[in-house]
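Naming convention: chains lettered A, B, ... in sequence-line order (proteins, then strands); numbering from 1 in each chain.
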Amino acid sequence: MLDMKFVRDNVDLVRRKMLERGQDIDVSRFSTLDQKRRDILREVEALRNERNTVSKEIGRLKKNKEDASLLIERMGEVSSRIKSLDEDLKDTETTLNEMIMIIPNVPHESVVYGEGADDNPVIRTWGEKPSFDFEPKPHWDIGEDLGILDFARGAKITGARFTLYWGLGARLERALINFMLDLHTMDHGYTEVLPPFMANSHSMTGTGQLPKFEEDLFKVEGTDYYLVPTAEVPVTNIHNGEIVDEKDLPLYYVAYTPCFRAEAGSYGKDTRGLIRQHQFNKVELVKFSKPETSYDELEKLTLNAEEVLKRLNIHYQTVSLCTGDLGFSSAKTYDIEAWMPGQGAYREISSCSNFEDFQARRAGIRYRKEGSGKVDFAHTLNGSGLAVGRTVVAVLENYQQKDGSVIVPDVLIPYMNGVDRITSVK
RNA sequence: GGAGAGAUGGCUGAGUGGCUGAAAGCGAUCGCCUGCUAAGCGAUUGUACGCCCCAAAAGGUGUACCGGGGGUUCGAAUCCCCCUCUCUCCGCCA
């Protein structure tokens, strides 16, 4: 969430920034309500002050066996007045809170204006599109022909958008997870964590999934628990409500988790294959940083994610999301899009964001400055490093051979127990 | 699932209605002292919000916060109710 004081003092700016995102938000109503809140607060605090002072006096009188009944009677009135003002205050704060919690983050100044995904500028590209002397197949055909991806049985076991992996397909997924974790822990300096795969509503609110995007989540019936839609939720909330020392920043965490998404509103989109599943695996990078360095950290994090594709030798491009395509909590996001020859398109395989203090303010993630001892909100960042299922797609489509087999990229061979080619088991 | 015990500041841990934002100790920071180190001495050491002041920082002042929510009371860390979490024992279990 945004800083209430910032919104209060920058009503026009905030409104303009939200319009750039394509959202018309009634910021002036917020401002009015905030003024009301402060008016009530001033009055109720003055009354409390009176009550505190007089109550001490009552205590003193009683101790001396003097009569305090007049004061007690008066304070009874003051107390009931406080009580009613408190209710007003609570209502106002609840409304105010509801409003601020659904206002998205302010885009960073470097984010270009645009209405949607088509307006995202390409920042850089790496590698080249592979050439084939045959018609490259989409991964769903490759996977089914090899017998490693079983969409029909996934649907039978659970439903649409669930997939069963067989044999070397399952091993490829596992190999990628391990390869990514090893790369980020050993070469990029991240600490590996294995968090819970469910998170409560408090955590979900901290990272911004709630209250606005509940329909995207799977909730466990009869509990306050949700299946995590990304490791961002449990890992960012590691430091929920904490004050960390400046000397410990930046913190780098990497986590493997499955991710569960309801994909409400994506009906008919990417219905075939692994691209859009209700359950998929992801290796996630999460950083906590000082405000001054968070944009440097975003660049580094994005390069860390890109390194996975470089080592797999898969062509990709990196785009910077424009204002209209930016996620709710993010101030700036780079998407890495891998080339998928079977689909003849670049597909998002990673999304790397700087949330600045937006999540930190919601989740109460702060740090204590070394010199002054002051506390301030940390900046949080995260990025996929990478989405594993989509990386399987990229490997299958980029490394497919004319005979239907798939060459295993060199870096993965050790993780595949020496297997260098996936051939049909049929 | 059954029975019980707990939750207090960075940590340990006092505190059963007013003099407690909170003893004491530890830790930390600053200063003093001592050839160095260690020890010692002194001071400081929570967060949020409001108001005043202000260019800002600093400062002043008020309110709230002793797991969360509600209640009793002139007044609650302290009494009552509900919830959450932690621990111990029993049962079950990968």
Side-chain angles (χ1 to χ4, degrees), chain A residues 1-10 30-97 99-101 194-206 210 219-220 222-226 234 237-249 251 288 291-292 357 360-378:
Chain A
M1 76 182 163
L2 299 178
D3 181 2
M4 291 219 188
K5 280 183 208 153
F6 176 81
V7 177
R8 180 198 301 165
D9 297 337
N10 298 278
F30 172 89
S31 196
T32 310
L33 224 51
D34 179 65
Q35 185 59 51
K36 185 183 169 195
R37 172 185 145 261
R38 282 180 293 154
D39 289 344
I40 299 172
L41 200 57
R42 207 175 312 137
E43 189 179 351
V44 80
E45 286 190 350
L47 288 172
R48 281 216 179 88
N49 179 230
E50 183 186 355
R51 184 176 72 183
N52 287 346
T53 315
V54 176
S55 285
K56 274 180 195 164
E57 176 66 10
I58 291 170
R60 202 184 58 76
L61 288 174
K62 284 200 160 183
K63 208 174 191 174
N64 297 337
K65 304 258 191 279
E66 293 176 52
D67 178 39
S69 56
L70 213 70
L71 290 178
I72 289 175
E73 193 187 332
R74 214 179 84 215
M75 284 310 101
E77 286 163 21
V78 169
S79 274
S80 63
R81 175 83 181 128
I82 288 173
K83 201 170 170 181
S84 97
L85 281 172
D86 265 341
E87 275 166 32
D88 278 2
L89 186 64
K90 203 173 166 185
D91 289 348
T92 309
E93 284 182 336
T94 301
T95 311
L96 214 45
N97 208 41
M99 290 183 80
I100 195 109
M101 290 303 264
L194 184 64
F197 297 164
M198 294 187 215
N200 59 31
S201 57
H202 186 251
S203 295
M204 289 289 175
T205 306
L210 291 179
K219 186 171 191 182
V220 181
T223 71
D224 182 45
Y225 303 157
Y226 296 81
N237 279 288
I238 287 174
H239 295 296
N240 188 311
E242 295 185 6
I243 300 174
V244 301
D245 288 336
E246 180 174 6
K247 64 173 163 50
D248 294 329
L249 296 178
L251 290 163
F288 299 83
E292 309 90 87
D357 61 10
R361 186 170 287 107
R362 290 174 160 240
I365 302 166
R366 294 173 293 175
Y367 73 102
R368 191 177 300 280
K369 293 185 188 181
E370 239 159 4
S372 61
K374 292 274 177 205
V375 294
D376 193 10
F377 290 108

If you measure from the [atom1] atom in [N] to the same atom in [M], how many Å do you get, rounded?
{"N": "B/G9", "M": "B/A14", "atom1": "P", "answer": "13 Å"}
{"N": "B/A38", "M": "B/U29", "atom1": "P", "answer": "12 Å"}
{"N": "B/U16", "M": "B/A23", "atom1": "P", "answer": "15 Å"}
{"N": "B/U84", "M": "B/A28", "atom1": "C1'", "answer": "33 Å"}
{"N": "B/G62", "M": "B/A43", "atom1": "P", "answer": "24 Å"}
{"N": "B/A5", "M": "B/C81", "atom1": "P", "answer": "13 Å"}
{"N": "B/A76", "M": "B/G69", "atom1": "C1'", "answer": "15 Å"}
{"N": "B/U47", "M": "B/C66", "atom1": "C1'", "answer": "13 Å"}

Listed by chain and number, what are the side chain to side chain contact (heavy atoms under 4.5 Å, CB included) partners of [X], not counting sequence neighbours?
{"X": "A/K63", "value": "none"}
{"X": "A/D224", "value": "A/N200, A/S201"}
{"X": "A/D88", "value": "A/I40"}
{"X": "A/S84", "value": "A/R81"}

- Sub-3.5 Å donor-acceptor pair from the side chain of A/R362 to the main-chain atoms of A/T205, do we have one? yes

- Message: List the residues meeting side chain to side chain donor-acceptor pair (under 3.5 Å) with A/E57, not counting sequence neighbours, and say none if there are none.
- Response: A/R60

- Task: If a protein heavy atom is under 4.0 Å from the base, mark B; if only from the sugar-phosphate, S; if neither, -; do that for nucleotides 46-57 of chain B going 5' to 3'.
- Result: SSSSSS------

- Task: Using a 4.0 Å heavy-atom cut-off, write out nucleotides 66-82 of chain B from 5' to 3' as B (base contacted by protein), S (sugar-phosphate only) or - (no contact).
- Result: ----SSS-BS-------

- Pairing of RNA chain B as dot-bracket, 5' to 3': ( ) intra-strand, [ ] crossing, | other strand, . unpaired, with Watson-Crick or G-U pairs under 3.5 Å? ((((((((.[[[..)..(.....]]]((((((.......))))))(((((((......))))))).[[[[[..)....]]]]])))))))....

- A/Y367 meets the ring pair (Phe, Tyr, Trp, His ring centres under 6.0 Å) criterion, sequence neighbours left out, with none

- Have a look at A/F377 and say if it touches a base, only the backbone sugar-phosphate, or nothing, with a 4.0 Å heavy-atom cut-off.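 It contacts nothing in the nucleic acid.
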
- Item | salt bridge (Lys or Arg N to Asp or Glu O under 4.0 Å) pairs, two or more places apart, involving residues 66-76 of chain A |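 Found A/E50-A/R74.
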
- Item | Residue whose closest nucleotide on RNA chain B lies nearer the 5' end, A/T53 versus A/K63 | A/K63

- Message: For A/D245, is there an ion pair with A/K247 - N to carboxylate O distance below 4.0 angstrom?
- Response: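 Salt bridge flag = yes for A/D245 with A/K247.
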
- Message: If you apply the rule side chain to side chain donor-acceptor pair (under 3.5 Å), what do you find for A/E45 with A/N49, and how did you get there?
- Response: CA-CA 6 Å; A/E45 286 190 350; A/N49 179 230; over 6 Å; no

- Note on the structure: With sequence neighbours left out, the residues meeting salt bridge (charged side-chain N to carboxylate O under 4.0 Å, His left out) with A/R361 are A/D357

- Note on the structure: Residue set satisfying salt bridge (charged side-chain N to carboxylate O under 4.0 Å, His left out) with A/D86, at least two apart, ordered chain then number -> A/R48

- Reckon A/N49 has a side-chain N or O less than 4.0 Å from the OP1 or OP2 of B/G62?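 Answer no for this pair, as no side-chain N or O of A/N49 is under 4.0 Å from OP1 or OP2.
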
- Nucleotide B/G10, atom C1' - distance to OH of A/Y367 in whole Å: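 These atoms are roughly 19 Å apart.
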
